[in-house]
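Contents: one structure, followed by commentary.
In what follows, every heavy atom counts, from backbone to side chain, and hydrogens, waters and symmetry copies are set aside. Here, residue 1 is the first one in the sequence, and each next residue gets the next number. Predicted model, so just to flag it, every value in this text is computed and none were measured.
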Amino acid sequence: MSSFITTDATQDVFDLVLARPIVTAAGEHPWLVYLWWSAPIQGNRVVQVYVQGELYDVTLDSTVREMVLVLDRTRTNRIELLAVADDDVEAIWRPQPDLLESWQPEVLDVVEVTMVRDEALPVDTHVVAEVGGQAVDSGAVWPNDVNRSDPDDLLEFADVSGLGLGVGGLGAGRLGFDATVWRWRRDDLAVGSHDININAVDLAGQPAADPILLQDVLIDNLPDPVMGLSIDQSFVLSWKLTGLNS
C-alpha cells in the first residue's frame, strides 16, 4: 500500500508552513495574509485550514499548496493545517480540531463549551456563563427563530463540554447554536487560571438543570509573531525576533 494515500487525518505531512502579510505598493495589507505550505507526501489528501481552532476553509484540490486568508491582523492569529482524505465530501468539511497538535505543550487560548438541548426544560430557559463567579454572557436555549418542538431539538441538556472543542457552523459571536447543540465560546479571557460555570436557569433565575463546572482552566498566550518577515531572491527567509536579526 502506498504511504501517500490514507483515510486518516494528519498534520505529519507538512514540512514547512509560512503565513505572511500580503505586501502592496502601500505596504503590508491590513487584513490579507498569504498562506503557503510544503507537503511532499500529502498525496491525494486535501487540506483543512483552521484559524483560532475553528475550520476556516478547505482546499478541495490535493495539488494546492497555498491560500489567501482574510484575518484580523491586530491580534495574534493561530493558523493550523490538517490533511484529510478527499473520498468523503461531508468529511472534508467536518471540523476535527481535536486532532490539531501544532503546539507542544498545548497552548490554550480558547474556551468552548457545547451542550445538547432538552425539550423538558422550560421554554424560557437561558444559559448563563460565569467566569470567576461573574456572569459574562447569557443566551436563550430556544431563540425566537428555533422551533422547540422540532424533533432535532429533543435532546438532553448534558455536559458535552470541551476546551477548544470546535463543532462548526454554530453561529457567530460568543453564543451560537444549531439544530442539535448550544455553545459558548471565549477567546479573550485573561492569561491565568479561571473557574467557569455554565448554568441553565428559568426566567426567574432558578436552576433548570445541573450546572457544568470547569475548574482551574489555565489560559496562556500564543507566542508573539516574528516581525519584519521578508524573502530575498534566493528564497531565504529573514525576520526579527525580540530585537535580534535571525
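Side-chain atoms of Y50 come within 3.5 Å of backbone atoms of Q96 as a donor-acceptor pair (strictly under, hydrogens ignored). For Y56 (side chain) and V70 (main-chain N/O), a donor-acceptor pair under 3.5 Å exists by modelled atom type. Side-chain N or O atoms of Q42 include one that pairs as donor or acceptor with a backbone N or O of R45 at under 3.5 Å. A donor-acceptor pair is defined here as one N or O able to donate and one able to accept, closer than 3.5 Å; such a pair exists between the side chain of R65 and the backbone of A39. Not one N or O on the side chain of H29 forms a donor-acceptor pair closer than 3.5 Å with the backbone of G27. One N or O on the side chain of Q48 and one on the backbone of R94 form a donor-acceptor pair closer than 3.5 Å. Judged by distance alone, the side chain of D195 and the main-chain N or O of D216 form a donor-acceptor pair under 3.5 Å.
Looking only at side-chain heavy atoms (C-beta outward), I22 and V68 come within less than 4.5 Å of each other. The closest side-chain heavy-atom distance from I219 to H194 is below 4.5 Å. Taking 4.5 Å as the limit, every side-chain heavy atom of N44 sits out of range of all side-chain heavy atoms of D87. The shortest side-chain heavy-atom distance between V49 and L35 falls under the 4.5 Å cut-off. Contact of the V47 side chain with the V64 side chain is not registered, since no non-hydrogen atoms from C-beta on lie closer than 4.5 Å. Under the 4.5 Å side-chain criterion, counting only non-hydrogen atoms from C-beta, V127 is not in contact with N199. Under the 4.5 Å side-chain criterion, counting only non-hydrogen atoms from C-beta, R73 is in contact with V33. P122 has its side chain out of reach of L203: every pair of non-hydrogen atoms, C-beta onward, lies at least 4.5 Å apart.
By the criterion of side-chain heavy atoms lying less than 4.5 angstrom apart, applied directly or through intervening Ile, Leu, Val, Met, Phe, Trp or Tyr residues, V113 is grouped together with V131 in one hydrophobic cluster. Both V51 and L18 sit in one connected hydrophobic cluster of ILVMFWY residues. Membership requires side-chain heavy atoms under 4.5 Å apart, directly or through other members. Linking ILVMFWY residues whenever their side-chain heavy atoms come closer than 4.5 Å, directly or via other members, places I212 and L189 in the same cluster. Hydrophobic cluster membership is shared by L214 and I198, with clusters built from Ile, Leu, Val, Met, Phe, Trp and Tyr side chains linked at under 4.5 angstrom. With hydrophobic clusters built from ILVMFWY side chains whose heavy atoms lie under 4.5 angstrom apart, V17 shares a cluster with L32.
If you check the side chains of T74 and D72, you find a donor sitting under 3.5 Å from an acceptor.
Separating the CG atom in L99 from the CG atom in L82 is a distance of 5.5 Å, to the nearest 0.5 Å. Distance OG1/T59 to CG/L81: 9.5 Å, rounded to 0.5 Å. Distance check: E90 CD to W93 CH2 gives 13.0 Å after rounding to the nearest 0.5 Å. Note that CG of L60 is 7.0 Å distant from CG of D57, once rounded to the nearest 0.5 Å. One finds the OG atom of S38 at 5.0 Å from the CG atom of L16 (value rounded to the nearest 0.5 Å). With rounding to the nearest 0.5 angstrom, the CG atom of D12 is 7.5 Å from the CD1 atom of I41.
Among all heavy-atom pairs drawn from E80 and Q11, the shortest one is CB-NE2, 4.2 Å. Contact record, F14 with T10: CE1-O, 3.9 Å, taken as the closest heavy-atom pair. Nearest heavy atom pair, residue R186 against residue D137, reads NH1-OD2, 2.7 Å.
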If you apply the rule side-chain contact (heavy atoms from CB on, under 4.5 Å), what do you find for E54 with R78, and how did you get there?
CA-CA 10 Å; E54 293 195 305; R78 179 177 55 182; over 6 Å; no
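Every residue two or more places apart in sequence or in another chain was checked for a side chain to side chain donor-acceptor pair (under 3.5 Å) with Q215, and none qualifies.
In this structure, R20 does not pair ionically with E28, as no charged nitrogen and carboxylate oxygen lie closer than 4.0 Å.
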